[in-house]
There are 2 protein chains.
Amino acid sequence: MDQLIPNQTIQDYLKHIYNLTQNGQPANTNTLAERLDLRPGTVSEMINKMAKLEPPLVDHQKYQGVRLTPAGGKMALKVIRRHRLIETFLVKVLGYSWDMVHEEACRMEHIVSDEFEARIASMLGEPSHSPHGEPIPTSALAMPPFYEHTLASLTTGQYATILQVPDSDPGLLRYLSSIGFTPGSKVTVLNHSPFDGNLMVTVNDGNASHVVGLPITSKIYVKKMDS
Amino acid sequence: MDQLIPNQTIQDYLKHIYNLTQNGQPANTNTLAERLDLRPGTVSEMINKMAKLEPPLVDHQKYQGVRLTPAGGKMALKVIRRHRLIETFLVKVLGYSWDMVHEEACRMEHIVSDEFEARIASMLGEPSHSPHGEPIPTSALAMPPFYEHTLASLTTGQYATILQVPDSDPGLLRYLSSIGFTPGSKVTVLNHSPFDGNLMVTVNDGNASHVVGLPITSKIYVKKMDS
DNA sequence: AATAATATTTAGGTTATCCTAAATTAATTA
DNA sequence: TAATTAATTTAGGATAACCTAAATATTATT
């Protein structure tokens with residue numbers, strides 16, 4: 001399996017294409033370029049190269065965006081598994097705070113061995129989710145089902161348990177933990193503002209209430225509870 | 001400190017120049033090329049570039065070999081510290097066998113953060129030596145003194161405690177542990193053969209004896225005991 | 001449907017790191 | 001010391017991954 005994994009650059013492309021195609025749509029060049037912090041021309045070139053590898057890692061017809069082939073999908077899941085296992089490892093074993101693990105995992109994911117991956121997974125008890133609640137593909141590269149509902153879909157009076165928060169913005173993660181928004185927390189919507197989408201919520205039935213906007217609530221996945 | 005560390009290629013040059021200049025002699029291009037698995041022309045070029053960085057990392061006059069500058073020496077020690085800390089971590093925390101850690105450490109040493117280095121060092125109790133007995137520079141980058149005597153310097157009847165074995169050859173490491181040659185073991189020389197340098201030894205006063213040649217004994221450092 | 005706006009690709013160029021092979025310098029031997 | 005051998009450097013090139021800017025295709029708007 002190791003020898004099938006291509007270089008770091010391509011691994012990053014695979015990860016981002018995977019994320020961008022989760023909605024069923026192909027990933028487009030510009031969005032990919034933005035995520036990778038590269039210029040569109042560079043991405044266009046590399047996509048072409050990835051489509052010509054043997055086996056091809058992506059499906060691509062000119063101007064029509066890009067999708068992962070089965071081979072590309074496997075490799076993407078392998079990288080994602082490593083990333084999330086490493087994040088979990090850094091928090092649980094080395095005591096990192098959850099806002100400091102993403103960057104470190106982004107570097108480590110490309111260079112650790114299968115051995116390292118297997119050892120930390122075993123030490124952690126084959127975890128199914130990262131500290132941010134992101135699902136970890138199994139060692140057979142099966143991805144757990146995605147969560148359906150975001151916090152943004154709740155309305156006044158409803159409550160829910162937080163399942164997953166976005167992992168890559170340290171400032172946001174520090175803010176979320178400061179208001180108690182961590183996987184497992186129960187949030188109750190005191191008020192849903194229909195025009196701007198803001199939610200006023202309490203966490204774990206506490207006294208403090210917080211107003212949180214759509215850019216945040218639309219990226220937090222929850223399990224809805226009866227209300 | 002982090003921003004002073006140059007890229008992976010240069011880190012590897014620094015490490016090898018450090019090792020090759022321990023005897024007081026400058027490192028020469030061909031030896032360096034061999035260690036780095038590159039062609040001499042490539043090394044010559046890169047040495048030149050490293051000498052022109054600001055601050056320069058190496059001293060070099062044409063045809064006269066290369067030495068580290070104080071800046072280069074610090075960086076070399078930083079990389080060596082990381083390498084040996086990571087080896088220790090892999091053995092002590094993740095349960096690797098000592099023959100499997102070198103390669104993994106060679107990749108990890110270039111990408112982990114100061115944070116990672118500090119956390120594993122603290123978790124391990126600021127270790128002074130790797131599992132192979134190699135000294136670990138302190139966080140202030142002070143290198144413990146080198147060991148003076150190798151196993152090859154013992155003669156018939158002498159005995160000694162093993163302090164350090166070479167870390168990078170997995171096959172050799174498996175052989176060494178199979179005969180009990182690990183740091184802390186006591187070896188007694190039953191016979192020293194003056195022509196070929198072979199030593200016949202027992203380990204920890206056991207029954208079995210082993211004949212070990214110069215290529216091995218000259219790379220194992222020991223503490224001589226009274227004989 | 002024609003035009004304007006946007007997205008994508010292509011063309012030509014840069015830099016880092018490697019290579020081989022030729023040229024040069026240093027070291028060794030006759 | 002001259003000639004030979006060995007080590008080192010230089011010259012010229014290759015490749016991967018990036019860039020900018022121009023060209024082209026698609027999509028949206030009038």
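Note that these values count all heavy atoms, side chains included, but never hydrogens, waters or copies made by symmetry. Chain identifiers are assigned alphabetically (A, B, ...) following the order of the sequence lines, protein sequences preceding nucleic acid strands; residue numbering begins at 1 within each chain.
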Tell me which nucleotide among [options] gets nearest to the side chain of [X].
X: A:Asn28; options: D:dT8, C:dT8, C:dA26; value: C:dT8
X: A:Leu38; options: C:dT17, D:dC19, C:dT9; value: D:dC19
X: B:Met46; options: C:dC18, D:dC19, D:dC18; value: C:dC18
X: A:Lys49; options: D:dA17, C:dT8, C:dT17; value: D:dA17

Would you please confirm or rule out a distance under 4.0 Å between OP1 or OP2 of [N] and any side-chain N or O of [X]?
X: A:Asn7; N: D:dA17; value: yes
X: B:Lys62; N: D:dT10; value: yes
X: A:His60; N: C:dT8; value: no
X: A:Thr29; N: C:dT9; value: yes

When you check the gap from the basic side-chain N to the acidic O, do [X] and [Y] get nearer than 4.0 Å?
X: B:Lys78; Y: B:Asp114; value: yes
X: B:Arg174; Y: B:Asp99; value: yes
X: B:Lys15; Y: B:Glu109; value: yes
X: B:Arg119; Y: B:Glu115; value: yes

Roughly, in whole Å, what's the span from [atom1] in [X] to [atom2] in [N]?
X: A:Asn30; N: C:dA5; atom1: CG; atom2: C1'; value: 13 Å
X: A:Gln61; N: C:dT9; atom1: CD; atom2: P; value: 11 Å
X: A:Tyr13; N: D:dC18; atom1: OH; atom2: C1'; value: 9 Å
X: B:Leu36; N: C:dT17; atom1: CG; atom2: P; value: 13 Å
X: B:Gln64; N: C:dT25; atom1: CD; atom2: C1'; value: 10 Å
X: A:Asp12; N: D:dC18; atom1: CG; atom2: C1'; value: 14 Å
X: B:Leu32; N: D:dA7; atom1: CG; atom2: C1'; value: 13 Å
X: A:Asn48; N: D:dC18; atom1: CG; atom2: P; value: 15 Å

Acceptor/donor pairs from residues 137-149 of chain A side chains to any protein atom, 3.5 angstrom cut, sequence neighbours excluded:
from	atom 1	to	atom 2	distance (Å)
A:Thr138	OG1	A:Ala140	N	3.2
A:Thr138	OG1	A:Leu141	N	3.3
A:Thr138	OG1	A:Ala142	N	3.0
A:Tyr147	OH	A:His129	NE2	2.5

| Looking at the rings of B:His102 and B:His83, which for Trp means the six-membered one, are their centres under 6.0 Å apart? | yes
| If you look at every strand shown and take non-hydrogen atoms under 4.0 Å, does A:Thr42 touch a base, only sugar-phosphate, or nothing? | base
| query | Does A:Gly41 or B:Gly65 map to a spot on DNA chain D nearer the 5' end, using the closest nucleotide for each? | reply | B:Gly65
| note | Judged by nearest nucleotide, the residue sitting upstream toward the 5' end of DNA chain D, A:Glu45 or A:Tyr63, is A:Glu45
| query | Does B:Thr217 reach the side chain of B:Thr150, with side-chain heavy atoms less than 4.5 Å apart? | reply | no
| So A:Asn48 and A:Lys52, side chain to side chain donor-acceptor pair (under 3.5 Å) or not? Walk me through it. | CA-CA 6 Å; A:Asn48 221 273; A:Lys52 281 180 185 142; 2.8 Å; yes
Polar pairs (N or O, both sides) under 3.5 Å between protein and nucleotides 2-4 of chain C?
none

